[in-house]
K.L.:
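Take this structure first; my questions come after.
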Amino acid sequence: MNNAIVIGAGIAGLATSIRLAIKGYKVKVFEANAYPGGKLSSFKLGEYRFDAGPPLFTMPHLVTQLFEMAGVNPKAHFDYEKKEVACHYFWSDQTKFKAYADRNLFLDEINKVFNEPKEKVEEYLKRAKKKYDLTHSLFLENSLHKIKTYLSYDTIDAITKLNCLDLFKTLHQVNEKTFSSPQLIQLFDRYASYNGSDPYQTSGIMTLIQHLEGYYGTFIPKKGMVSITQALYDLAIILGVEFHFNSPVTEIKVVSKAVQGVLVKSEYFQADIVVSNMDVYPTYKKLLPNLKPPNKTLNQERSSSAVIFYWGIEKSFSELELHNVFFSDDYKNEFVEIFKNQKIGDDPTIYINITSKDVPSDAPKGSENWFVLINAPADHGQDWDEIVDKLRKQIILKLSKELKTPIEPLIACEEILTPPLIQKKTQSHMGALYGASSNNSMAAFLRHPNFSSSTKNLYFCGGSVHPGGGIPLCLLSAKIVDELIPKAS
Ligand SMILES: Cc1cc2nc3c(=O)[nH]c(=O)nc-3n(C[C@H](O)[C@H](O)[C@H](O)COP(=O)(O)OP(=O)(O)OC[C@H]3O[C@@H](n4cnc5c(N)ncnc54)[C@H](O)[C@@H]3O)c2cc1C
C-alpha cells in the first residue's frame with residue numbers, strides 16, 4: 001500500500017494530499033483545471049484582483065494545523081488577521097448594524113440598534129455554544145457511518161442531551177421564539193445561507209454556525225482568500241506531492257470490488273488508494289459507470305447556488321467594510337423563490353465583499369474591488385441570461401438608493417459567475433455551492449460518507465460529502481478521510 005491518487009485539487013483535495021503524504025504515501029493529484037483550488041481561486045480584471053469563490057474565512061487553525069503536522073512553520077507561508085467587525089448590515093429603512101467580534105461590543109450594539117435585552121442574546125449565544133460543544137465531534141470530526149463513532153462518550157453525551165439541540169425546530173422558529181426584533185431575527189436567520197440552506201426549513205441546530213463566526217471570529221488572509229490555496233499547494237509540493245494539471249480523470253478502475261487506479265484521458269495510473277474530491281454526483285455518474293450509484297443520497301435537494309458580479313468600482317465607500325449585507329424586505333419570500341420556485345425574487349439580499357479594504361493592492365487607489373453575491377437556486381435549466389439581466393438592474397437600483405450614489409457609472413470592469421458556470425468550472429452538480437442542502441433535521445445523516453461501502457480503498461472528500469460544504473468542513477472531510485486510511489506500508 002503505497003500509491004495514492006487524489007482526483008481534484010480543491011481545498012479538500014489539497015488537504016487530503018498533504019495528509020496522505022505525511023502518512024507515507026506517494027501521492028499524485030489529477031486536476032482538470034490548469035490551476036489548484038477549485039472554487040477557491042482568483043483572477044484579475046485590469047488592475048483589480050478578485051477572489052473567485054468563498055469570501056468568508058473562519059477557523060484558520062484548520063489550515064495552520066496541516067503545516068504543524070508536517071513540521072513546517074505556517075507563518076512562512078500563510079498569514080492572516082482577525083477582523084474586529086465581522087460584517088456590516090444594512091436595511092432599507094436605514095437601520096445599520098456592525099457585528100463586532102468583541103462579545104461585549106456585539107451585545108451593546110444589539111441592545112442599541114434592536115432594543116433586545118443583552119441577557120437574552122447572551123443566553124442564545126450560550127445555547128449555540130452548547131450545541132457546538134455537544135455535536136462537533138459527532139457531526140463534524142468523525143465519520144457518521146462507522147459504528148465506533150456511536151460508541152464514543154461524546155456521542156452518547158450528545159444523544160442524552162438531544163432536547164438542547166433544537167433539532168426538530170427550524171432555525172427561524174428558534175430565532176423567532178427568542179427575539180422580538182424582526183431585523184435581529186433576519187440577521188440570525190442569515191446563517192442558514194452559510195451552508196446553502198433555507199432558515200425556514202433547516203434545523204434549529206444551525207445556530208451553531210453563528211457560534212463558529214461569533215466565538216472563533218472571522219479572518220482575512222493578508223494576500224486574499226486565494227493564499228489559502230497557494231499555501232496548501234506549496235506545502236503539498238514541499239511534501240513531494242505530484243500535481244498533474246489539465247488532467248481530468250475519466251474513470252476510476254475497479255476490479256473485484258477494489259480500486260486499481262484511474263484513467264486520465266485514456267492513460268492508466270495504478271493506485272492502492274483513490275480519494276475523489278470531485279463532487280460525489282459526477283464521481284458516480286461519470287467515473288464509476290459500472291457501479292450502482294446510491295441514488296437516494298445523490299438525488300437529494302441541492303444547496304443554493306449564487307450569481308456573482310465582480311465589479312471594479314471607481315470610488316471608495318467609507319460606509320462599507322470587508323463584508324457587507326443589504327437585506328431584502330421579505331426574507332421568507334426570498335427563500336420560497338430560491339427553493340420552491342427555483343427563481344431569484346425581485347428584492348434579493350445583496351452581499352458585497354471588498355478585499356481592497358484590507359488588501360489595498362487589490363484595486364487601484366481610490367477604487368474598490370466589489371464581489372457582489374446574490375443567493376440563487378441551483379441550475380435547473382433556467383434562462384440565466386434573462387435572470388442575470390433583470391437581477392443586474394435590480395441590484396444596481398437598490399445599491400444606488402441605499403448608498404445614495406449612482407452605481408452604474410462607477411463600474412469600470414465586470415465579470416459574472418452563474419450556477420451553470422460554477423458547474424462548468426468545478427463539476428459541482430447543478431452549480432450548488434455546498435453539495436446537498438441541509439433543509440431537514442436528518443440532513444447530516446443523509447450526506448454521502450467519506451468512504452465507499454461497496455468498493456475497497458475508494459474514499460471521498462470535499463463539500464459534497466460528509467461533513468459538508470464550506471472551507472472548514474472541507475478541511476475536516478480531509479481529516480476524516482485521513483483517519484479512515486491506514487498508514488502506507
Ligand atoms: C461563490 C461561492 C461562495 C462561497 N462562499 C463561501 C464562504 O464564504 N465561506 C466558505 O467557507 N465557503 C464558501 N463557499 C464554499 C466553498 O468554496 C466550497 O465548499 C469549497 O471550496 C469546496 O472545496 P472542495 O474541495 O469540495 O472542491 P472544489 O473547490 O469544488 O474543487 C473540486 C476540484 O476538483 C476538480 N475536478 C472535478 N472533476 C475532476 C476530474 N474528473 N478530474 C480531475 N479534477 C476534477 C475541479 O476542477 C476542482 O478543481 C463558496 C463557494 C462559492 C462558489
Side-chain angles (χ1 to χ4, degrees), residues 5-17 28-41 50-60 62-63 87 193-196 209 212-213 218-220 225-226 228-229 232-233 243-252 262-265 274-283 285-288 303-310 322-323 351 353 371-376 416-419 421-429 431-435 460-465 467-478 481:
I5 284 179
V6 178
I7 305 170
I11 190 79
L14 290 171
T16 303
S17 73
K28 285 188 174 66
V29 178
F30 292 99
E31 166 54 54
N33 290 328
Y35 52 86
K39 297 183 179 75
L40 198 48
S41 59
F50 295 91
D51 285 310
L56 177 68
F57 184 37
T58 53
M59 307 185 90
L62 295 174
V63 174
C87 190
S193 67
Y194 281 32
N195 66 10
I209 301 179
L212 293 183
E213 180 176 296
T218 62
F219 300 82
I220 169 114
M225 293 296 284
V226 72
I228 304 172
T229 295
L232 294 187
Y233 175 66
F243 283 88
H244 299 255
F245 292 105
N246 298 308
S247 301
V249 171
T250 47
E251 190 174 337
I252 299 172
V262 301
L263 280 184
V264 180
K265 296 187 218 157
V274 171
V275 185
S276 179
N277 174 215
M278 184 189 199
D279 186 308
V280 67
Y281 187 99
T283 300
K285 301 284 175 170
K286 294 186 181 169
L287 306 191
L288 292 160
S303 80
S304 57
S305 185
V307 172
I308 296 149
F309 298 89
Y310 307 91
L322 175 66
H323 301 289
Y351 165 82
N353 174 255
F371 165 111
V372 183
L373 180 148
I374 312 296
N375 290 322
I416 300 170
L417 187 68
T418 58
L421 278 176
I422 294 172
Q423 163 151 340
K424 192 170 165 216
K425 287 181 165 187
T426 62
Q427 295 291 320
S428 281
H429 181 47
L433 301 191
Y434 305 94
F460 302 88
C461 65
S464 68
V465 295
I471 299 166
L473 299 199
C474 286
L475 294 171
L476 287 172
S477 76
V481 165

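Any value given below was found using the heavy atoms of this structure, including those in side chains, with hydrogens, waters and symmetry copies removed. Indexing begins at 1, ligand by ligand and atom by atom, following the structure's order.
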K.L.:
Write out the residue and atom name of the closest protein heavy atom to atom 31 (O) of ligand 1, then the distance separating them to 0.1 Å.
P.N.:
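Nearest protein contact, heavy atoms only, for atom 31 (O) of ligand 1 is G10 CA, 3.4 Å.
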K.L.:
What about N277: any of its N or O atoms under 3.5 Å from an N or O on ligand 1?
P.N.:
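Yes - when backbone and side-chain N and O of N277 are compared with those of ligand 1, one distance drops under 3.5 Å.
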K.L.:
Atom 52 (C) of ligand 1: which protein heavy atom is closest, and how many Å away?
P.N.:
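Nearest protein contact, heavy atoms only, for atom 52 (C) of ligand 1 is L433 CD2, 3.7 Å.
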K.L.:
Can a donor-acceptor pair be found, under 3.5 Å and without considering hydrogens, that links the side chain of S305 to the backbone of A376?
P.N.:
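No.
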K.L.:
Is the backbone of G10 close enough, under 3.5 Å, to the side chain of N277 for a donor and an acceptor to pair up by distance?
P.N.:
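Side chain of N277 to backbone of G10, a donor-acceptor pair under 3.5 Å: yes, one is there.
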K.L.:
Closer than 4.0 angstrom: is that true for some heavy atom of G37 and an atom of ligand 1?
P.N.:
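Under 4.0 Å: yes for G37.
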K.L.:
Can you find an N or O of G463 that's nearer than 3.5 Å to an N or O of ligand 1?
P.N.:
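Right, the criterion is met.
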K.L.:
For a 4.5 angstrom cut-off between non-hydrogen side-chain atoms, does E251 reach V262?
P.N.:
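Side-chain contact under 4.5 Å: no.
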K.L.:
Can you find an N or O of N33 that's nearer than 3.5 Å to an N or O of ligand 1?
P.N.:
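By distance alone, the answer is yes.
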K.L.:
Under 4.0 Å, counting heavy atoms only: does P248 come that close to any atom of ligand 1?
P.N.:
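Contact check P248 vs ligand 1: positive.
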K.L.:
May I ask you to test the S276-V6 pair for a side-chain heavy-atom distance under 4.5 Å?
P.N.:
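Contact flag for S276/V6 side chains = no.
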K.L.:
Quick one: does S477's side chain have a donor or acceptor within less than 3.5 Å of a partner on G462's backbone?
P.N.:
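Yes, because the side chain of S477 sits within donor-acceptor range (under 3.5 Å) of the backbone of G462.
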K.L.:
Any side-chain heavy atom of M59 within less than 4.5 Å of one from L475?
P.N.:
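Not in contact.
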K.L.:
For atom 4 (C) of ligand 1, which protein heavy atom lies nearest, and how many Å away is it?
P.N.:
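Its nearest protein heavy-atom neighbour is P54 CA, 3.5 Å.
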K.L.:
Should D51 and F371 count as side-chain neighbours, where that means a heavy-atom distance under 4.5 Å?
P.N.:
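Not touching, per the 4.5 Å side-chain cut-off.
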K.L.:
Where is the nearest protein heavy atom to atom 9 (N) of ligand 1: which residue, which atom, and how far?
P.N.:
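In this structure, atom 9 (N) of ligand 1 has L56 O, 3.1 Å as its nearest protein heavy atom.
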K.L.:
Can you check which of C474, P472, P419, A12 brings a heavy atom nearest to atom 22 (C) of ligand 1?
P.N.:
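Selected option, by shortest heavy-atom distance: C474.
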K.L.:
G470 to ligand 1: N or O pair under 3.5 Å?
P.N.:
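Between G470 and ligand 1, an N or O pair is found under 3.5 Å apart.
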K.L.:
Of the listed options (M278, K425, K265, K39), which comes nearest to atom 38 (N) of ligand 1 when hydrogens are ignored and any heavy atom counts?
P.N.:
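Nearest option to atom 38 (N) of ligand 1, by heavy atoms: M278.
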K.L.:
Which of the numbered atoms in ligand 1 are below 4.0 angstrom from a heavy atom of G462?
P.N.:
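Atoms satisfying the 4.0 Å criterion: 26 (O).
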K.L.:
Run F57 and M225 through side-chain contact (heavy atoms from CB on, under 4.5 Å) and show every step you take.
P.N.:
CA-CA 8 Å; F57 184 37; M225 293 296 284; 3.8 Å; yes
K.L.:
Using the ring of Y281 (Phe, Tyr or Trp, six-membered ring only), decide whether K285 places NZ or CZ under 6.0 Å from its centre and within 45 degrees of its axis.
P.N.:
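That pair qualifies as a cation-pi contact.
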K.L.:
Can you confirm, on distance only, whether ligand 1 has an N/O atom lying under 3.5 Å from any N/O atom belonging to E31?
P.N.:
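Yes - when backbone and side-chain N and O of E31 are compared with those of ligand 1, one distance drops under 3.5 Å.
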K.L.:
In the protein, which heavy atom is nearest to atom 34 (O) of ligand 1, and how far is it?
P.N.:
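Of every protein heavy atom, G8 CA, 3.3 Å lies nearest to atom 34 (O) of ligand 1.
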K.L.:
Can an N or O of L373 be found at a distance shorter than 3.5 Å from an N or O of ligand 1?
P.N.:
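No - when backbone and side-chain N and O of L373 are compared with those of ligand 1, no distance drops under 3.5 Å.
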K.L.:
When you measure from atom 15 (C) of ligand 1 to every protein heavy atom, which one gives the shortest distance, and what is it?
P.N.:
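The closest one turns out to be Y434 CE2, 3.5 Å.
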K.L.:
Look at the side chain of S464 and the backbone N and O of V280, then say whether any donor-acceptor pair between them is shorter than 3.5 Å.
P.N.:
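Looks like yes, one N/O pair under 3.5 Å.
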K.L.:
Is there a nitrogen or oxygen of A9 sitting under 3.5 Å from a nitrogen or oxygen of ligand 1?
P.N.:
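No; every N/O pair is 3.5 Å or more apart.
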K.L.:
Measure from atom 42 (N) of ligand 1 to every heavy atom in V249, I422, I471 and give the option owning the shortest one.
P.N.:
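Minimum heavy-atom distance to atom 42 (N) of ligand 1 goes to V249.
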K.L.:
Tell me, do F30 and I7 make a side-chain contact under 4.5 Å, heavy atoms counted?
P.N.:
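The answer is no, as the side chains (C-beta and beyond) never meet within the 4.5 Å cut-off.
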K.L.:
I'd like to know whether V264 forms a side-chain contact (heavy atoms from CB on, under 4.5 Å) with H244, so could you lay out the CA-CA distance, the side-chain angles of the two residues, the decisive distance to 0.1 Å, and finally the verdict.
P.N.:
CA-CA 10 Å; V264 180; H244 299 255; over 6 Å; no
K.L.:
Which residue holds the protein heavy atom closest to atom 44 (N) of ligand 1, what is that atom called, and what is the gap in Å?
P.N.:
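Looking at atom 44 (N) of ligand 1, the protein heavy atom closest to it is A32 N, 3.0 Å.
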K.L.:
Just to confirm my output: which protein heavy-atom neighbour is closest to atom 1 (C) of ligand 1, and how far is it?
P.N.:
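Result for atom 1 (C) of ligand 1: I308 CD1, 3.1 Å.
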K.L.:
Evaluate T426 for polar contact with ligand 1, using N/O atom pairs at a separation under 3.5 Å.
P.N.:
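Checking ligand 1 against T426, no N or O pair falls under 3.5 Å apart.
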K.L.:
Donor-acceptor check, side chain of T229 to backbone of S41, threshold 3.5 angstrom: yes or no?
P.N.:
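Side chain of T229 to backbone of S41: no pair is present.
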